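Before any comments, here is the structure.
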Amino acid sequence: MKSILTILSTRVLASLHAIGAEGDPLIRPSTDDKFGDYQSNCAMGLAKKLGQKPRDLAARIVEHLDVDDICDKVEIAGPGFLNFHLKPPFLAKCLQDIPALPQDAEADRLGIAPATPTETVVVDMSSPNLAKEMHVGHLRSTVIGDAVARVLEFAGHEVIRENHVGDWGTQFGMLVAYLRRENPAIADHPESLVISDLESFYIAAKKRFDTDETFKTESRETVVALQQGDPQTRVIWQAFCQESLRHCHDIYDRLQVKLIDRGESFYTDKMESVVATLDAMREKDPQGFIRDSDGALCVFLDGFNTRDGEPLPLIVRKSDGGFNYATSDLATILHRVESLKATRIIYVVGIPQKQHFAMVFSAVRKLGWAGPDISLEHLGFGSMLSKTGQPFKTRVGGTVKLKDLLNEAVARARSVLTQTTPEDQPQNRSAMTSDQADAIAETIGLAAVKYFDLSHALSSDYKFDLDMMVSMEGNTAPYMLYAYARIRSIGRKADVDWSSLPTDVPIILEHPTEMALAKKVLQFAEVYDLLVRDLRLNVLTDYLYELAKTFSRFYDKKHGVRIIDAPEESVRLSRLRLCDVTARTLKLGLHLLGIETVEQM
RNA sequence: ACGCCGGUAGCUCAGUUGGAUAGAGCAUCGGAUUUCUAAUCCGACGGUCGUGGGUUCGAGUCCCGCCCGGCGUACCA
């Protein structure tokens with residue numbers, strides 16, 4: 001299904017060609033109802049380029065415009081805006097063209113075609129350090145990365161969600177050494193390892209490391225053993241990593257996020273070869289952009305300076321011979337390009353690392369490891385702050401575990417659910433058992449956290465406010481889920497089976513709220529186009545909120561229309577169809593954001 | 001010092017290559033309820049878009065200066 005905006009763009013473009021002009025038709029939804037449904041802003045800019053009067057050019061565009069099948073009228077307004085007033089029958093036809101709900105409801109595309117051609121995209125996301133428990137700092141990358149992956153998957157691309165976990169480095173020597181001390185039998189039964197609290201395990205190990213010289217030495221020896229591939233050490237290390245990953249996947253499962261775990265350790269040999277290659281280049285050309293500096297192997301790139309104004313290098317081998325994250329990022333890019341055949345790599349990592357990625361990308365380009373046909377993108381996001389705008393910490397200044405945060409959100413959702421279902425008015429609500437309420441609260445609570453995050457512009461910091469996100473009012477997940485649940489409730493009450501609702505009934509758009517809802521539903525296609533182009537997820541949340549609000553008006557007893565007891569059967573069917581496409585749009589939109597719906601609340 | 005990001009209503013935030021009178025939610029105030037789930041809807045109030053210049057038919061958006069805040073600036077990731 002093409003968006004109305006796309007159709008109008010095509011028509012205006014054709015008209016521009018007819019009068020020998022070239023340019024973007026600049027079609028946008030009208031800023032005000034009195035300016036019609038869509039407007040074109042292209043005449044003013046074009047007129048200037050052509051040395052004509054804007055209104056004259058606008059008139060010529062209209063003269064050559066063929067939109068009789070779409071519009072009632074096209075007006076020229078102000079300095080040269082074109083205002084398009086859509087034909088209700090055209091909108092009705094567009095709605096009727098939305099295919100029926102497929103057998104597999106999960107496969108519902110609302111008539112939106114996949115992209116052509118498709119490509120292989122790597123989304124680098126989440127990436128916690130396995131030494132510790134996942135904390136709130138991993139929330140945004142996980143939630144945003146998942147939504148981006150879902151959007152691109154829906155567009156038809158092959159998406160590989162890479163969880164580049166930290167499972168390598170000196171701290172793992174310490175943890176393995178500590179594990180061996182605390183649990184000497186671990187090497188014989190690695191699969192039985194259970195660490196209930198990773199965080200306190202790490203803290204205990206660290207304390208020992210700082211206070212016990214013997215243990216410190218032991219830890220260092222363990223790191224060496226690990227790096228040399230000592231089988232017994234590796235078994236324990238692997239047991240630890242797997243246990244830590246189990247903790248992570250408890251959270252991923254809960255969030256319904258699917259990931260491929262590929263940790264640092266996977267790249268150890270690849271990092272060796274990256275450094276060997278660069279070192280060889282350095283030897284061949286000692287005065288080139290790859291040089292030794294203070295004992296470190298460095299790649300020097302234009303445009304990056306230290307605070308003293310000296311050239312700032314990308315260090316790929318530290319002076320102690322060790323590797324750092326630049327080394328591993330170079331190795332991952334090679335792997336993703338050469339082995340995974342990715343043509344687009346998206347890093348969902350916080351904005352503070354912007355410079356790092358700029359340097360890595362610059363190095364990769366300069367080295368020729370990724371040509372112009374490969375897109376490297378850092379999708380940076382802002383920080384999550386506390387409600388007061390301070391860094392997000394516990395009262396004692398520690399990091400907040402992601403698990404605790406999610407539990408808190410679900411508990412709040414549960415209490416909102418209880419509060420809004422007063423015992424003395426049970427008839428106001430669908431009957432709900434305590435278990436059902438728990439399950440619904442789980443969905444709402446997680447939805448609230450995700451939706452609140454995604455409804456902010458990616459690059460801005462936001463203040464984490466539980467009260468706000470679980471509220472039924474405003475641009476929140478509960479409001480959205482409620483709108484969806486209400487529609488489903490209408491279906492139950494009207495005793496209709498949505499999947500067998502006849503799709504060949506005429507759609508009647510007479511009431512203003514019917515028109516408004518029809519337009520809003522059809523707008524999904526253009527919002528989706530924008531979303532795929534820019535990956536600006538809040539564009540979708542804003543749209544879904546508008547859609548939910550538009551539905552609430554349509555459904556409102558005073559300003560809206562009757563549905564189940566509509567005056568005529570044809571009208572009833574038409575309105576039920578509107579309900580259906582609204583619900584499906586809400587469901588699909590939320591699904592693309594990684595948010596599940598509930599059938600009742 | 002340099003670089004990046006931000007400063008929009010009392011609060012939280014939108015604002016798509018520059019477009020018409022800068023939007024929404026919360027809060028406050030007023031209205032609608034014998035309910036197809038009022039968990040909602042309608043209305044009102046609320047702005048020198050940090051600041052001073054510039055570019056032009058038109059600037060929250062682009063350019064320059066300044067103020068304020070955050071982050072980054074060689075071997076932590």
Side-chain angles (χ1 to χ4, degrees), chain A residues 24 26 28 30-32 34-35 39 41 44-45 47-48 54 77-81 83 127 129 166 169-170 264 293-298 303-320 322-326 328-329 349-356 358 380 382-383 385 387 389 391 416-417 419-421 427-430 455-457 459-463 465 467-468 471-476 478-479 481-483 485-486 489-490 492-494 527 530 533-534 536 538-539 541-542 545-546 549 552-553 555-560 562-566 579 600-601:
Chain A
D24 189 330
L26 292 174
R28 301 283 182 269
S30 291
T31 52
D32 193 302
K34 72 183 175 207
F35 299 139
Q39 63 184 56
N41 304 335
M44 287 85 78
K48 182 185 218 165
F81 293 101
N83 292 336
S127 307
N129 188 330
T170 52
E264 287 288 315
S293 177
D294 294 340
L297 181 62
C298 300
F304 299 97
N305 297 305
T306 68
R307 75 185 71 216
D308 302 320
E310 301 295 315
L312 174 70
L314 183 71
I315 294 175
V316 295
R317 186 182 59 209
K318 301 188 286 180
S319 53
D320 67 0
F323 302 151
N324 61 8
Y325 71 144
S328 88
D329 279 334
V349 181
I351 282 178
Q353 294 195 43
K354 186 173 176 170
Q355 182 178 252
H356 166 71
S383 306
L385 306 171
K387 194 173 176 176
V416 168
L417 206 56
Q419 275 167 21
T420 53
T421 310
Q427 73 279 9
N428 280 359
R429 307 284 174 264
S430 314
S455 62
H456 290 83
S459 63
S460 49
D461 295 346
Y462 75 84
K463 295 172 185 154
D465 188 336
D467 292 323
M468 211 179 267
S471 166
M472 292 299 307
E473 291 158 9
N475 187 8
T476 65
Y479 179 89
L481 294 181
Y482 174 64
R486 251 190 330 188
S489 165
I490 290 168
R492 289 190 291 273
K493 199 142 256 177
V527 169
L530 267 181
R533 196 189 69 189
D534 298 335
R536 287 175 33 192
N538 67 312
V539 166
T541 60
D542 287 353
Y545 180 50
E546 282 170 22
K549 269 196 299 191
S552 289
R553 263 175 232 133
Y555 174 84
D556 185 68
K557 64 169 15 169
K558 179 158 184 180
H559 304 90
R562 303 302 297 175
I563 300 167
I564 297 176
D565 51 357
C579 285
Q600 65 172 82
M601 302 177 56

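Here is how names work: the chains are called A, B, and so on, in the same order as the sequence lines, proteins then strands, and each is numbered from 1. No experiment lies behind these values; they were computed from the predicted model shown.
- Using the Watson-Crick or G-U wobble rule with both distances under 3.5 Å, B/A1 pairs with B/U73.
- Here A/D565 lies out of heavy-atom contact (under 4.0 Å) with every strand.
- Closest to the side chain of A/E264, out of B/C57, B/U37, B/A77, is B/A77.
- Between the CG atom of A/D24 and the P atom of B/G19 there is a distance of 12 Å, given to the nearest Å.
- For A/T306, no side-chain nitrogen or oxygen approaches OP1 or OP2 of B/A74 to under 4.0 Å.
- Residues A/M44 and A/K48 form no side-chain contact, since every pair of their non-hydrogen atoms from C-beta on lies 4.5 Å or further apart.
- Between B/C49 and B/C41, the distance separating the two P atoms is 31 Å to the nearest Å.
- If you measure from atom OH of A/Y545 to atom C1' of B/G23, you get 12 Å, rounded to the nearest angstrom.
- Contact check, A/R562 against B/C36: a side-chain N or O comes under 4.0 Å of OP1 or OP2.
- Closest-nucleotide positions on RNA chain B for A/F81 and A/G322 were compared, and the one nearer the 5' end corresponds to A/F81.
- On the C1' atoms, B/G7 is 11 Å away from B/U51, given to the nearest whole Å.
- Using a 4.0 Å heavy-atom criterion, one finds that A/S30 contacts no nucleic acid atom at all.
- For B/G19, the paired base is B/C57 (Watson-Crick or G-U wobble, both distances below 3.5 Å).
- A/G80 comes within contact range of no nucleotide atom at all, as no heavy-atom separation falls under 4.0 Å.
- Rounded to whole angstrom, the span from the CG atom of A/D320 across to the C1' atom of B/C75 amounts to 8 Å.
- When each of B/U73, B/A20, B/A77 is scored by its nearest atom to the side-chain atoms of A/F35, the top-ranked nucleotide is B/A20.
- Residue A/A457 is classed as a sugar-phosphate contact, given heavy-atom separations below 4.0 Å to backbone atoms only.
- The residue A/F304 sits apart from the nucleic acid: no heavy atom pair falls under 4.0 Å.
- In terms of phosphate contacts, A/N475 brings no side-chain nitrogen or oxygen within less than 4.0 Å of OP1 or OP2 of B/C26.
- When the C1' atom of B/G15 is taken as reference, atom CG of A/D534 falls 14 Å away, rounded to whole Å.
- Comparing the C1' positions of B/G15 and B/A24 gives a spacing of 10 Å, expressed to the nearest Å.
- Between A/R492 and B/C36 there is no side-chain polar atom (N or O) within less than 4.0 angstrom of OP1 or OP2.
- Of the candidates B/C41, B/G72, B/A39, B/A39 carries the atom nearest the A/M472 side chain, counting heavy atoms from C-beta on.
- Between A/S552 and A/Y479 the shortest side-chain heavy-atom distance falls below 4.5 Å.
- Under a 3.5 Å cut-off, the side chain of A/T476 and the backbone N or O of A/S471 do form a donor-acceptor pair.
- In this structure, A/Y462 atom OH and B/C11 atom C1' are separated by 18 Å, rounded to whole Å.
- Taking only side-chain nitrogens and oxygens, A/K318 comes nearer than 4.0 Å to OP1 or OP2 of B/C76.
- Distance from the side chain of A/E473 is smallest for B/C26 among the nucleotides B/A74, B/C26, B/C41.
- Across all strands, A/E546 comes closer than 4.0 Å to no nucleic acid atom at all (heavy-atom distances).
- The side chain of A/K463 places an N or O atom within less than 4.0 Å of a non-bridging phosphate oxygen (OP1 or OP2) of B/U12.
- For A/S552 and B/C42, the shortest distance from a side-chain N or O to OP1 or OP2 is not below 4.0 Å.
- Annotation: B/A9 and B/G52 have their P atoms spaced 16 Å apart (nearest Å).
- In this structure, B/A9 makes no Watson-Crick or G-U wobble pair, since no nucleotide meets both defining distances under 3.5 angstrom.
- Residue A/R28 places none of its side-chain N or O atoms closer than 4.0 Å to OP1 or OP2 of B/G19.
- Nearest heavy-atom pair across A/N538 and A/H456 is CB-O, 3.7 Å.
- A/D329 comes within 4.0 angstrom of no nucleic acid atom, judged by non-hydrogen atoms across all strands.
- Look at the C1' atom in both B/A44 and B/G60: the space between them is 26 Å, to the nearest Å.
- As a whole-Å value, the separation of A/D308 CG from B/G72 P is 17 Å.
- If you find the closest nucleotide of RNA chain B to A/D556 and to A/F323, the one lying nearer the 5' end belongs to A/D556.
- Distance from the side chain of A/I490 is smallest to B/U37 among B/A74, B/C4, B/U37.
- Considering only heavy atoms from C-beta on, A/H356 stays 4.5 Å or farther from A/V349 through its side chain.
- Atom C1' of nucleotide B/C75 and atom CD of A/E310 are separated by 16 Å, given to the nearest angstrom.
- At a cut-off of 3.5 angstrom, the base of B/A77 holds at least one donor-acceptor pair with the side chain of A/Y325.
- Using a 4.5 Å cut-off on side-chain heavy atoms (C-beta onward), A/F323 and A/E264 make no contact.
- Looking only at side-chain heavy atoms (C-beta outward), A/I315 and A/N324 come within less than 4.5 Å of each other.
- Across B/G65 and B/G58, the matching P atoms stand 24 Å from one another, rounded to whole Å.
- For A/Q355, taking side-chain heavy atoms from C-beta onward, the closest of the listed nucleotides B/A74, B/U73, B/U37 is B/U73.
- When rounded to the nearest whole Å, the span between CE of A/M601 and P of B/U40 equals 9 Å.
- Base contact: A/T31 has a heavy atom under 4.0 Å from a base atom.
- Both distances falling under 3.5 Å, in either a Watson-Crick or a G-U wobble arrangement, occur for no nucleotide opposite B/U37.
- With hydrogens and angles ignored, a donor-acceptor pair under 3.5 angstrom links the side chain of A/N83 to the base of B/A20.
- Side-chain N/O atoms of A/Y479 include one lying less than 4.0 angstrom from OP1 or OP2 on B/C41.
- A/R536 has its side chain out of reach of A/L530: every pair of non-hydrogen atoms, C-beta onward, lies at least 4.5 Å apart.
- Nucleotides B/C75 and B/C68 are separated by 29 Å at their P atoms, to the nearest Å.
- Within the 4.5 Å cutoff, the side chain of A/P478 has no heavy atoms near those of the A/V416 side chain.
- Taking atom P on both B/C5 and B/C63, the two are 10 Å apart, rounded to the nearest angstrom.
- Distances shown here put every side-chain N or O of A/K557 at or beyond 4.0 Å from the OP1 or OP2 atom of B/U33.
- Using a 4.0 Å heavy-atom distance criterion, A/M468 is classed as a sugar-phosphate-only contact.
- A/S319 is not listed as a side-chain neighbour of A/D294, based on a closest heavy-atom distance of 4.5 Å or more.
- Within the 4.0 angstrom heavy-atom criterion, only backbone atoms of the sugar-phosphate kind lie near A/P352; the bases stay farther away.
- In this structure, B/A27 makes no Watson-Crick or G-U wobble pair, since no nucleotide meets both defining distances under 3.5 angstrom.
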